[in-house]
Amino acid sequence: MKKIAIFAEGQTELIFIRWLLLRLIDNSKLSFECRELLAHNESPAPYKYSALDPQVYFRIIDVHGDEGVLSSIHERESSLLRAGYDEIIAVRDMYSETYLNLSPKRMSDTVTRKIIDAHHETIRQMTHRDRIKLYFAIMEIEAWFLGMYNIFKKIDPLLTTSFIGQKLKIDLANVDPQESFFKPSDQVEAIYALCGRAYGKRKQEIEGICSKMDIADFNDARENGRCSTFEEFYRAIAKYC
């Protein structure tokens, strides 16, 4: 059985990854367990799933903070490989305190590349660097939600792309969210407000979005070269289908 560890920046990423696995991988082959790091110790987190005879197992770990992703991997890389894990994957947002210090009000390709290169250099210093892959959501994982532009009308029938475009002047079907929005969660919040809902990254809100995702939504986010960071992460998971 293949074993993969996925280190997630936070609760939003953990929930997203869990639903991605359930939608993308044949459930008769799938097993996963969610964990969270508290004071450097792992504890169980909702939820876990296992087929009767799984062929692939994912351990999804919420590290509770963007800056803790690589340090958490560094602390555990050797023990994970000794335990038979084939690969270690990391997912985090580009939007961070570090980014804001370097570019406080706008996206900068130079800053983005600087942060990516610094993280990859840190991975190159690790013992099992060839088994570790890091994927950034630019600027936040909400950019991937925005790329799945049809998902909002599943939340509320009012939230069609035409209605969102009319009210917010955003053409979700054609814009690339990772190139257009400095803080994509603000756009998701504005979309929710159109139908009298609130969005603040709370667990029930993330579950509400992610539970409605399907393969068609993933394909929307990947069409025409949109959300290239999601495309990269999607392919990293899809190879285990």
Side-chain angles (χ1 to χ4, degrees), residues 2-25 32 34-35 37 56 58-74 76-77 80 85-96 98-99 107 109 111-126 128-148 176-179 181 183-185 201 206 209-210 213 215 217-223 225-241:
K2 293 287 186 181
K3 296 172 68 176
I4 302 95
I6 305 181
F7 288 77
E9 170 183 323
Q11 175 179 254
T12 303
E13 289 75 18
L14 181 144
I15 294 171
F16 172 79
I17 291 165
R18 171 164 53 80
W19 282 105
L20 177 69
L21 295 177
L22 286 167
R23 296 294 186 250
L24 185 57
I25 297 179
F32 64 75
C34 298
R35 312 282 292 178
L37 286 183
V56 60
F58 293 88
R59 180 175 176 179
I60 315 167
I61 306 164
D62 174 3
V63 306
H64 289 284
D66 48 27
E67 298 302 332
V69 171
L70 288 188
S71 60
S72 297
I73 291 174
H74 180 63
R76 291 164 177 79
E77 56 165 329
L80 287 169
Y85 281 80
D86 299 277
E87 185 176 21
I88 299 171
I89 295 173
V91 183
R92 58 156 294 181
D93 289 345
M94 179 61 68
Y95 189 92
S96 60
T98 298
Y99 201 103
M107 284 185 285
D109 290 342
V111 171
T112 297
R113 177 46 55 188
K114 181 176 182 178
I115 291 174
I116 291 173
D117 288 348
H119 279 68
H120 286 167
E121 179 58 33
T122 298
I123 291 172
R124 280 192 287 270
Q125 303 304 314
M126 294 185 186
H128 303 284
R129 55 189 173 273
D130 294 338
R131 303 274 194 96
I132 301 168
K133 302 296 181 186
L134 170 65
Y135 300 93
F136 278 96
I138 300 174
M139 294 285 290
E140 298 175 292
I141 201 167
E142 281 84 359
W144 297 356
F145 299 163
L146 293 167
M148 302 176 198
D176 187 341
Q178 76 174 33
E179 294 182 355
F181 306 123
K183 197 170 187 293
S185 57
K201 290 181 177 280
I206 305 303
I209 292 178
C210 295
M213 297 187 311
I215 295 296
D217 297 309
F218 302 151
N219 290 337
D220 285 342
R222 300 165 60 218
E223 68 183 1
R226 290 151 39 89
C227 291
S228 62
T229 55
F230 174 66
E231 171 74 15
E232 293 169 0
F233 180 65
Y234 179 94
R235 288 180 176 272
I237 300 300
K239 70 183 180 184
Y240 294 104
C241 289

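Quantities reported herein were computed from a predicted structural model and do not represent experimental measurements.
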Asker: Give, for atom OG of Ser72 and atom CG of Leu37, the distance between the pair rounded to the nearest 0.5 Å.
Answerer: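 Reported to 0.5 Å precision, the distance equals 5.0 Å.
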Asker: Would you say Trp19 and Ile209 make side-chain contact, with heavy atoms under 4.5 Å?
Answerer: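 Not in contact.
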Asker: Would you say the side chains of Glu77 and Tyr85 form a donor-acceptor pair under 3.5 Å?
Answerer: no
Asker: If you round to the nearest 0.5 Å, how far is CD1 of Ile73 from CZ of Phe7?
Answerer: 5.5 Å
Asker: Of all the heavy-atom pairs spanning Val69 and Arg92, show the shortest one and how long it is.
Answerer: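 Of all heavy-atom pairs spanning Val69 and Arg92, the closest is CG2-CB, 4.1 Å.
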Asker: Around atom NZ of Lys2, are there more than 12 heavy atoms from other residues, nucleotides or ligands closer than 6.0 Å?
Answerer: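 Not buried by this count: 12 neighbours or fewer within 6.0 Å.
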Asker: What pair of heavy atoms forms the shortest contact from Met94 to Thr112, and how long is it?
Answerer: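 Taking Met94 first and Thr112 second, the nearest heavy atoms are CE-CG2, 3.7 Å.
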Asker: Is any side-chain N of the basic residue among Lys201 and Glu140 closer than 4.0 Å to the acidic one's carboxylate O?
Answerer: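 Salt bridge: yes.
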Asker: I need the Arg35 CZ to Ile6 CD1 distance, nearest 0.5 Å.
Answerer: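 Arg35 atom CZ to Ile6 atom CD1 measures 15.0 Å (nearest 0.5 Å).
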Asker: Can you confirm whether His74 is buried at NE2, in the sense that more than 12 heavy atoms of other residues, nucleotides or ligands lie under 6.0 Å from that atom?
Answerer: no
Asker: Are His119 and Leu70 close enough that some pair of their side-chain heavy atoms sits under 4.5 Å apart?
Answerer: yes
Asker: Which of parallel (below 30°), tilted (30 to 60°) and perpendicular (above 60°) describes Phe145 and Phe16?
Answerer: tilted
Asker: Side chains of Asp217 and Ile215: closer than 4.5 Å at any heavy-atom pair?
Answerer: no
Asker: Would you mind reporting whether His120 and Arg124 have side-chain heavy atoms less than 4.5 Å apart?
Answerer: yes
Asker: Any heavy-atom pair between the side chains of Phe32 and Arg59 that's under 4.5 Å?
Answerer: no
Asker: Spell out, as yes or no, whether a donor-acceptor pair under 3.5 Å connects the side chain of Asp93 to the backbone of Ile141.
Answerer: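 Checked: pair present.
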Asker: Are side-chain heavy atoms of Tyr135 and Phe230 found at a separation under 4.5 Å?
Answerer: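 Heavy-atom side-chain distance check fails, nothing below 4.5 Å.
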Asker: To the nearest 0.5 angstrom, please state how far the CG atom of Leu21 sits from the CZ atom of Phe58.
Answerer: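 Here the interatomic distance stands at 5.0 Å.
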Asker: Evaluate salt bridge (Lys or Arg N to Asp or Glu O under 4.0 Å) for Glu121 paired with Arg129, printing each intermediate quantity in order.
Answerer: CA-CA 10 Å; Glu121 179 58 33; Arg129 55 189 173 273; over 6 Å; no
Asker: Does the side chain of Glu223 reach to within under 4.5 Å of the side chain of Asn219, using non-hydrogen atoms?
Answerer: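 Heavy-atom side-chain distance check fails, nothing below 4.5 Å.
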Asker: Please confirm whether the ring centroid of Tyr99 lies under 6.0 Å from the ring centroid of Tyr95.
Answerer: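 No, the ring of Tyr99 stays outside the 6.0 Å limit from the ring of Tyr95, centre to centre.
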Asker: How far apart are the closest heavy atoms of Gly225 and Asp176, and which atoms are they?
Answerer: O-OD2, 3.9 Å
Asker: With a cut-off of 6.0 Å (strictly less than), are more than 12 heavy atoms of other residues, nucleotides or ligands near CG of Asp109?
Answerer: no
Asker: Quick one: is the NZ or CZ of Arg222 closer than 6.0 Å to the six-membered ring centre of Tyr234, and within 45° of its axis?
Answerer: yes
Asker: Do the side chains of Glu179 and Arg226 get close enough for a salt bridge, i.e. N-O under 4.0 angstrom?
Answerer: no
Asker: For His64 versus Asp62, what's the shortest heavy-atom pair and its separation?
Answerer: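 What the structure gives for the nearest pair is N-OD1, 2.8 Å.
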Asker: With rounding to the nearest 0.5 Å, note down the distance linking CZ in Phe136 to CD in Glu9.
Answerer: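 Going from the CZ atom of Phe136 to the CD atom of Glu9 covers 9.5 Å.
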Asker: Quick one: does any side-chain atom of Glu13 pair with a main-chain N or O of Gly10 as donor and acceptor, under 3.5 Å?
Answerer: yes
Asker: Return the CE to CD distance between Met139 and Gln178, rounded to the nearest 0.5 Å.
Answerer: 10.5 Å
Asker: For Cys227 and Ala221, which heavy atoms make the closest approach, and how far apart are they?
Answerer: CB-O, 3.3 Å
Asker: Heavy-atom count check: over 12 atoms from other residues, nucleotides or ligands less than 6.0 Å from Lys114 NZ?
Answerer: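 Not more than 12 within 6.0 Å, no.
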Asker: Do Arg131 and Glu87 sit within salt-bridge range, that is, some charged N less than 4.0 Å from a carboxylate O?
Answerer: no
Asker: Which heavy atom in Leu14 sits nearest to a heavy atom in Ala8, and how many Å separate them?
Answerer: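 Residues Leu14 and Ala8, closest heavy atoms: N-CB, 3.9 Å.
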